[in-house]
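Structure record follows, encoded as structure tokens.
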Amino acid sequence: MEIKEIDETSNNQDADANTPIPAPDPNPKTTRTKPREVEVHLYRQGKGPIDVFKSSLGGWDQDQLGVRDILEKYAFKSIFAFNPGSGRGVPIRFNRRNGRSMLGYRDGSIIYIDGEPRDSLIKPVTKIILGVAVITLLLTFILKEPPEWIKSTNIFATFPPWVLACVVIVFTRMRKRTQDFLKKYGW
């Protein structure tokens with residue numbers, strides 16, 4: 001038994017030429033309009049702009065900014081209204097369900113946004129590990145016989161260990177409260 005490929009004839013072309021072409025619908029059910037967009041100038045902690053992009057508006061009235069998308073894309077924990085001349089303004093609030101801004105924006109507007117980056121997990125973990133290491137070292141020095149180099153410097157002779165522990169606690173608390181002040185001077 002032999003299998004062959006079937007060749008089509010030109011009879012189908014004659015049938016296609018006789019069928020009428022449907023006319024376009026004069027009243028279409030959907031219309032294509034230009035999506036509403038705003039131009040966003042994005043800053044990070046007042047520095048930048050790190051990015052300038054167009055963002056489409058959404059929501060019922062097509063006037064809400066997609067805040068959650070910006071937060072996720074640029075790893076921000078919050079965004080604020082921003083004026084390059086005067087600085088950061090009020091936070092931009094958004095609906096937790098749909099991620100869109102509470103306030104509306106006009107089509108074609110230019111929006112300046114300042115973002116606060118998310119806290120890194122490496123910094124706190126490193127601080128905790130260093131804190132545990134320092135406390136462990138202090139405990140080993142207090143509970144056992146101190147090494148010769150500590151005896152020769154006489155650190156514990158002038159300051160008791162509990163005073164040193166209090167100084168460390170006060171310094172860390174002060175640093176947390178005056179973080180912006182210390183950042184100015186490079187700490």
Notebook entry, point to check: How many angstroms lie between OG in S101 and CG in N95, if you round to the nearest 0.5 Å?
Noted result: 9.5 Å

Note to self: Within the structure provided, determine whether D51 and Y74 are in side-chain contact (heavy-atom separation under 4.5 Å).
What the structure shows: yes

Note to self: Quick one, V52 and V40 - any side-chain contact, counting heavy atoms below 4.5 Å?
What the structure shows: no

Report all side-chain donor-acceptor pairs from residues 105-115 shorter than 3.5 Å, counting only partners two or more places apart or in another chain.
| from | atom 1 | to | atom 2 | distance (Å) |
| --- | --- | --- | --- | --- |
| D107 | OD1 | E37 | N | 2.9 |
| S109 | OG | R106 | O | 2.8 |
| D114 | OD1 | Q45 | N | 2.9 |
| D114 | OD1 | G46 | N | 2.8 |
| D114 | OD2 | G46 | N | 3.3 |
| D114 | OD2 | R88 | NE | 2.9 |
| D114 | OD2 | R88 | NH2 | 3.0 |

Check: How far does CZ of R100 sit from CE of M102, to the nearest 0.5 angstrom?
Finding: 13.0 Å

Next item on the list: Tell me, please, which residues at least two apart from K77 pass side chain to side chain contact (heavy atoms under 4.5 Å, CB included).
Entry: E116, R118, D119

Notebook entry, point to check: Rounded to the nearest 0.5 Å, how far apart are CZ of R93 and OG of S78?
Noted result: 9.0 Å

Notebook entry, point to check: Does the side chain of L65 come within less than 4.5 Å of S55's, by heavy atoms?
Noted result: yes

Item checked: Gap separating the CG atom of D63 from the CG atom of L57, nearest 0.5 angstrom -> 7.0 Å

Note to self: Is any side-chain heavy atom of I70 closer than 4.5 Å to one of F53?
What the structure shows: yes

Next item on the list: Report the relative orientation of the aromatic rings in Y43 and F82; use parallel for angles under 30°, tilted for 30 to 60°, perpendicular for over 60°.
Entry: tilted

Check: Roughly how far, to the nearest 0.5 Å, is the CG atom of N98 from the CH2 atom of W60?
Finding: 13.5 Å

Next item on the list: May I ask you to decide if G85's main-chain N or O and N83's side chain share a donor-acceptor pair within less than 3.5 Å?
Entry: yes

Checklist line | In one Ile/Leu/Val/Met/Phe/Trp/Tyr side-chain cluster, 4.5 Å: F94, V38 | finding: yes

Checklist line | Side chain to side chain, R44 and P117, heavy atoms closer than 4.5 Å | finding: yes

Check: Side-chain heavy atoms under 4.5 angstrom apart, residues restricted to Ile, Leu, Val, Met, Phe, Trp, Tyr: same cluster for I50 and I79?
Finding: yes

